[in-house]
Amino acid sequence: MKILSLNFLTCAVKACKTSPNSYPLHPKDAELVQDELGLKPEMIISVLPRIDWEALKSTCSELGFPALPEAAPTKEELENDEKILKDLHHLLLETSISEGKLVCGNCGHEYAIKEGIANFLLPGHLV
Amino acid sequence: MSRPEDDLAADIHYDDVEARKYTTSSRIQNIQASMTHRALELLDLSHPSFILDIGCGSGLSGEILSSEEGGSHVWVGMDVSPSMLDIALQRDVEGDLMLADIGQGVPFRAGTFDAAISISAIQWLCSAVDSESSPAGRLTRFFNGLYASLKRGGRAVCQFYPKNDQQKKMITEAAVKAGFGAGLLEDDPDTKNHKLYLVLTVGGTQGSDITNVVDGMDGVDVMDARKKIKAENGTVKKGSKAWIVKKKEQMERKGKVVKSTSKYTGRKRKHLF
Ligand SMILES: C[S@@+](CC[C@H](N)C(=O)[O-])C[C@H]1O[C@@H](n2cnc3c(N)ncnc32)[C@H](O)[C@@H]1O
């Protein structure tokens, strides 16, 4: 589960949809892996406005990463500063959770991650 | 010809033996690849995008999405079969994989994806999986979730194998009800290789209109959700049960949670004292 995807995932439990505590999901006992992937500047620039920066900051601190800047970089900064672009690429696309859990801050449901695959299957009564 | 959808749940049909075919059979690979290319053509993306692959299976479609000729996209795949996902792991695909049942919804924030693609999967939603849920309910949850997870102006293309006209109608109507502009495109009709694509657009910006996407293509049926809603609005009385149900559907489409409709919905409340 890439950090990028985690920034967009919500708890799937129906009763959690209205609760602000159900986002972002919190990594627990996470093991991380890094893959080298080709840089796709246009993709990152176009997805940046959709990133929830506050959630990304809290994910990074929960995973013990160095703190992110207070505010998200602007489009101009990304276009002109290759280092910022590469750092974001590395964090969002090259860093994944390979084992562990994602926990909902509202209902406490734990989504297991195995071999990088998060299990979002729910028992019928939670759908 | 018998259809696996009639007899088994998808996660049971797509076991290790079935999943293995998706890496060993070049015939299957070629067919899935050509449909993926067709779907990408219909999505008409101008730059590397963030894409949801619905029923991604062993990642045959996803590998094309990641590739340079496919547009170097970044994708997340949802699939209900552990065996299929296992093959995807073995193929070392670039996309992110999730074990999830699309009939339970699409658990992403509103406006997450630029586009979505689905190859040979959504007809599975027409089959019952348990006694707790109905195909109609699962289709609604899927299309409402998909609609909310796409950004405004986004598109989805779903190639699927309906069993008959009734399933085709059931799927298309569920998409339109969720708010999509929808068109059906049939390639090679009346041959044994005919393929059906449901092309969906999320309104918002000009130029994303479904009629522009499929304009001039042969064998296209366009169903416009907005026109239908307008026509109905004229006849629904404000405050009536039908009006409340319609409002609820609109709220649900926006990703809001609404009380389920019951026999009490829209009833006048009597004063107790
Ligand atoms: C014919 S395979 C196609 C796989 C892949 N899209 C490809 O083109 O190779 C259909 C896939 O849909 C998946 N599927 C069926 N029902 C599903 C559901 N309710 N949720 C998620 N995936 C589902 C199956 O597990 C299977 O992997």
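The figures here come from the full heavy-atom set of this structure, side chains too, leaving out hydrogens, waters and symmetry mates. Order of the sequence lines sets the chain letters (A, B, ...), proteins ahead of strands, with each chain counted from 1.
Atom CD of B:E69 is separated from atom CD1 of B:I64 by 6.5 Å, given to the nearest 0.5 angstrom. A distance of 12.0 Å separates CD1 in A:I3 from CG in A:L88, rounded to the nearest 0.5 Å. Rounding to the nearest 0.5 Å places CG of B:D79 at 5.0 Å from CG of B:L85.
In this structure, chain A has heavy atoms under 4.5 Å from both the backbone and the side chain of B:S72. Residue A:T10 touches chain B through both its backbone and its side chain, counting heavy-atom pairs closer than 4.5 Å. If you measure heavy-atom distances from B:L89 to chain A, the contacts under 4.5 Å come from the side chain alone. Of the two parts of A:L37, only the side chain, counted from C-beta on, holds a non-hydrogen atom closer than 4.5 Å to a non-hydrogen atom of chain B. Residue A:Y23 touches chain B through its side chain alone, counting heavy-atom pairs closer than 4.5 Å. Contacts between A:L93 and chain B at a heavy-atom distance below 4.5 Å involve the side chain alone, from C-beta outward. Contact annotation for A:D52: both backbone and side-chain heavy atoms come within less than 4.5 Å of a heavy atom of chain B.
Here B:V74 is the residue among B:D101, B:V106, B:D86, B:V74 with the most heavy-atom pairs under 4.5 Å with chain A. For the options B:D96, B:V76, B:L97, heavy-atom pairs under 4.5 Å to chain A are most numerous at B:D96. Here B:D114 is the residue among B:D114, B:D130, B:V80 with the most heavy-atom pairs under 4.5 Å with chain A. Ranked by heavy-atom pairs under 4.5 Å with chain B, the list A:E42, A:K2, A:K114 is led by A:K2. Top candidate by heavy-atom pairs under 4.5 Å with chain A, chosen from B:H73, B:R141, B:M98, is B:M98. Interface summary for chain A: among B:P107, B:S133, B:A100, the most heavy-atom pairs under 4.5 angstrom belong to B:P107.
For B:E132 and A:H125, the side-chain atoms include no donor-acceptor pair closer than 3.5 Å. Side chains of B:R109 and A:N7: a donor on one and an acceptor on the other come within 3.5 Å. Judged purely by distance below 3.5 Å, without hydrogens or angles, the side chains of B:S83 and B:D16 pair a donor atom with an acceptor atom.
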Taking it one step at a time, do A:Q34 and A:H90 satisfy side chain to side chain donor-acceptor pair (under 3.5 Å)? CA-CA 8 Å; A:Q34 318 222 304; A:H90 181 65; 3.3 Å; yes
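Separation of the A:Y111 and A:F120 ring centroids falls under the 6.0 Å cut-off.
Proximity of B:D44 to B:R155: side-chain heavy atoms (C-beta onward) are separated by under 4.5 Å at one or more points.
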